[in-house]
Amino acid sequence: MSDDKLIRLDMGKLNSNIHSERPTLCLGIESSCDETSAAIVDSDRNILSHIIYSQIPEHQKYGGVVPELAARAHILAIDDVIQQTLKNAGKTIDDIDVIAATAGPGLIGGVLVGWMAATGIAQSTNKPLVAVNHLEGHALVPRLCATLADGTNKNTSVEFPYLLMLASGGHCQILLVRGVGKYELIGQTLDDSAGEAFDKVAKMLGLGYPGGPIVDKRAQSGNPRAFDFPRPLCDKPGCDFSFSGIKTAARTFLDRATQPLTDEYINDFCASFQASVVDCIVNRLSNAMKDERVISAKPKTLVVAGGVAKNSAIRSAMEKMSQNHNMTFAAPPMNLCTDNGAMIAWAGIENWRIGNIVTEPIAPRPRWPLTEL
Ligand code: KG4
Ligand code: ZN
């Protein structure tokens with residue numbers, strides 16, 4: 001977002017709650033894909049209420065998210081989701097200090113719905129408004145709440161800088177997170193995202209949408225060495241990813257299958273596919289650890305975030321890696337990995353603290369790389 005659209009230090013609004021003893025309350029709204037979600041989060045890291053209305057059943061019969069249907073479903077749901085979120089927290093809009101909403105990247109029809117709702121509330125109540133980058137929501141949520149290596153969920157602050165594997169349905173990046181709004185891109189996918197690869201392979205197998213959770217579950221009963229999936233780019237230096245070769249291999253294996261797909265075949269297929277994704281992530285992250293920028297920043301924590309962070313094999317491989325590199329491992333709790341309003345509310349608080357609020361109309365963005373914050 002360009003600086004002319006954002007006034008980074010509007011001290012009047014910034015200081016509206018500064019002398020108060022109570023924590024700052026932020027209402028966060030997320031609508032960039034197929035979840036209409038809102039949450040109230042406070043600056044002491046408490047989630048007072050959180051509603052995630054998932055549209056998955058509406059898109060399932062099409063095998064993926066249909067943008068027009070998603071936008072319409074957001075319009076129908078948004079008011080109730082916000083009202084119910086306030087009610088569940090026992091709050092009215094007057095109790096809220098900051099309004100935050102996803103302003104991109106994402107499906108623009110849906111983003112507009114949440115953004116316009118947030119803008120309307122902020123303008124009519126004269127409250128500060130934060131335009132949250134959806135990816136920043138994923139990237140910062142481990143600072144709200146994280147599952148640590150011992151399995152406990154903690155309202156802990158993962159300290160900057162940290163090394164982040166951000167893997168969602170639309171993105172796959174390794175980032176050095178130096179602070180709020182300070183992201184250095186270490187590596188990224190050259191084609192599909194990791195989530196897309198999971199979803200497409202699940203679709204080929206007829207397993208339904210979204211594919212990640214189903215493939216993850218099937219893989220737990222399968223043999224990861226049954227199919228020889230490639231590990232694209234793993235013999236090359238650098239930290240970039242490529243998943244299209246894995247997808248093509250999946251298609252080829254399936255075209256060659258001579259018998260009907262038994263449960264055992266599908267489980268082995270999922271386990272072998274997932275093992276190749278895990279190996280690519282570990283390989284690319286190992287290279288990231290050797291990157292000059294990462295070495296000199298000395299991140300103490302290895303973090304995974306985004307919907308794919310729910311994956312059990314990826315979580316345990318990264319946890320093992322962090323031990324080998326003398327780092328702490330952190331991942332959001334399962335319900336904060338996929339899209340949710342709490343991560344947007346938390347990013348709202350983090351941005352509000354540094355004065356990153358909107359003071360004039362902005363245009364939501366379908367594309368908005370973290371490196372352009
Ligand atoms: O972050 P997210 O909710 O939406 C985007 O911002 O894109 O991520 C959704 C993606 C989907 O591709 C879904 O299949 C994947 O996260 N996913 C998983 C798992 N749970 C969700 N992928 C692998 N294993 C899982 N357990
Ligand atoms: Zn997301």
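Whatever order the structure lists ligands and atoms in, that order sets their numbers, starting from 1. Sequential numbering from 1 along the given sequence is applied to the chain's residues. Keep in mind that the numbers below use all heavy atoms, side chains included, and drop hydrogens, waters and symmetry copies.
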Inset, instruction - Starting from atom 18 (C) of ligand 1, locate the nearest protein heavy atom and write down its residue, its atom name and how far away it is, to 0.1 Å. - result: Gly212 CA, 3.5 Å
Legend entry - Protein contact to atom 11 (C) of ligand 1 [nearest heavy atom, distance to 0.1 Å]: Asp199 OD2, 3.6 Å
Legend entry - For atom 9 (C) of ligand 1, the protein heavy atom that lies nearest, with its residue and separation: Gly169 N, 3.7 Å
Inset, instruction - Just jot down the ligand 1 atoms closer than 4.0 angstrom to any heavy atom of His134, in number order. - result: 6 (O)
Legend entry - Under 4.0 Å to a heavy atom of Gly170 - the qualifying atoms of ligand 1, by number: 7 (O)
Inset, instruction - I would like to know whether Ser244 and Asp191 meet side chain to side chain donor-acceptor pair (under 3.5 Å); could you show each step before the answer? - result: CA-CA 6 Å; Ser244 66; Asp191 38 59; 3.2 Å; yes
Legend entry - Short side-chain to backbone donor-acceptor contact, Glu30 and Ser32, under 3.5 Å: yes
Legend entry - Any donor-acceptor N or O pair under 3.5 Å, side chains Glu136, Asn351: yes
Inset, instruction - May I ask you to list the atoms of ligand 1 that are less than 4.0 angstrom from any heavy atom of Thr338? - result: 3 (O)
Inset, instruction - Using distance alone, decide if ligand 1 has a nitrogen or oxygen within less than 3.5 Å of any nitrogen or oxygen in Pro210. - result: no
Legend entry - Full working for salt bridge (Lys or Arg N to Asp or Glu O under 4.0 Å) between Asp199 and Lys203: CA-CA 6 Å; Asp199 292 338; Lys203 198 169 182 178; over 6 Å; no
Legend entry - Within-shell test, Glu35 vs ligand 1, heavy atom, strictly < 4.0 Å: no
Inset, instruction - Using a 4.0 Å heavy-atom threshold (strictly under), name the region of Asp339 that reaches ligand 1: side chain, backbone, both or neither. - result: both
Inset, instruction - Establish, yes or no, whether a centroid distance under 6.0 Å links the rings of Phe227 and Tyr265. - result: yes
Legend entry - Donor on one side chain, acceptor on other, His138 and Asp339, under 3.5 Å: yes
Legend entry - Glu159 with Lys300: basic N within carboxylate O range, under 4.0 Å: no
Legend entry - Trp346 and Glu350: side chain donor to acceptor below 3.5 Å: yes
Legend entry - Cation-pi, Phe329 ring and Arg315 (6.0 angstrom, 45 degrees): no
Legend entry - Shortest protein contact, atom 24 (N) of ligand 1 (heavy atom only): Asn311 ND2, 3.1 Å
Inset, instruction - Please check if atom CD in Gln220 has more than 12 non-hydrogen atoms from other residues, nucleotides or ligands closer than 6.0 Å. - result: yes
Inset, instruction - Report, in ascending order of atom number, the atoms of ligand 1 lying under 4.0 Å from any heavy atom of Gly195. - result: 12 (O)
Inset, instruction - Just jot down the ligand 1 atoms closer than 4.0 angstrom to any heavy atom of Gly307, in number order. - result: 1 (O), 2 (P), 8 (O), 16 (O), 17 (N), 18 (C), 19 (C), 20 (N), 21 (C)
Inset, instruction - Report yes or no: do Asn340 and Ser37 form a side-chain donor-acceptor pair below 3.5 Å? - result: no
Inset, instruction - Report the part of Asp216 in contact with ligand 1, treating N, CA, C, O as backbone and CB onward as side chain, heavy atoms under 4.0 Å; options are side chain, backbone, both, neither. - result: side chain
Inset, instruction - Return yes if a side-chain donor-acceptor contact under 3.5 Å exists between Ser193 and His171, otherwise no. - result: no
Inset, instruction - May I ask whether His138 has any heavy atom positioned less than 4.0 angstrom from an atom of ligand 1? - result: yes
Legend entry - Pair Asp192 + Lys247, salt bridge at N-O below 4.0 Å: yes
Inset, instruction - Below 2.8 Å of the Zn ion (ligand 2), tally up the protein N/O/S atoms for me. - result: 3
Inset, instruction - Run the contact test for Pro213 against ligand 1 with a 4.0 Å cut-off on heavy atoms, strictly below, and give the result. - result: yes
Legend entry - ligand 1 contact on His171 by region, counting heavy-atom pairs under 4.0 Å: neither
Inset, instruction - Kindly indicate whether the side chain of Leu205, heavy atoms from C-beta on, has any atom under 4.5 Å from the side chain of Leu261. - result: yes
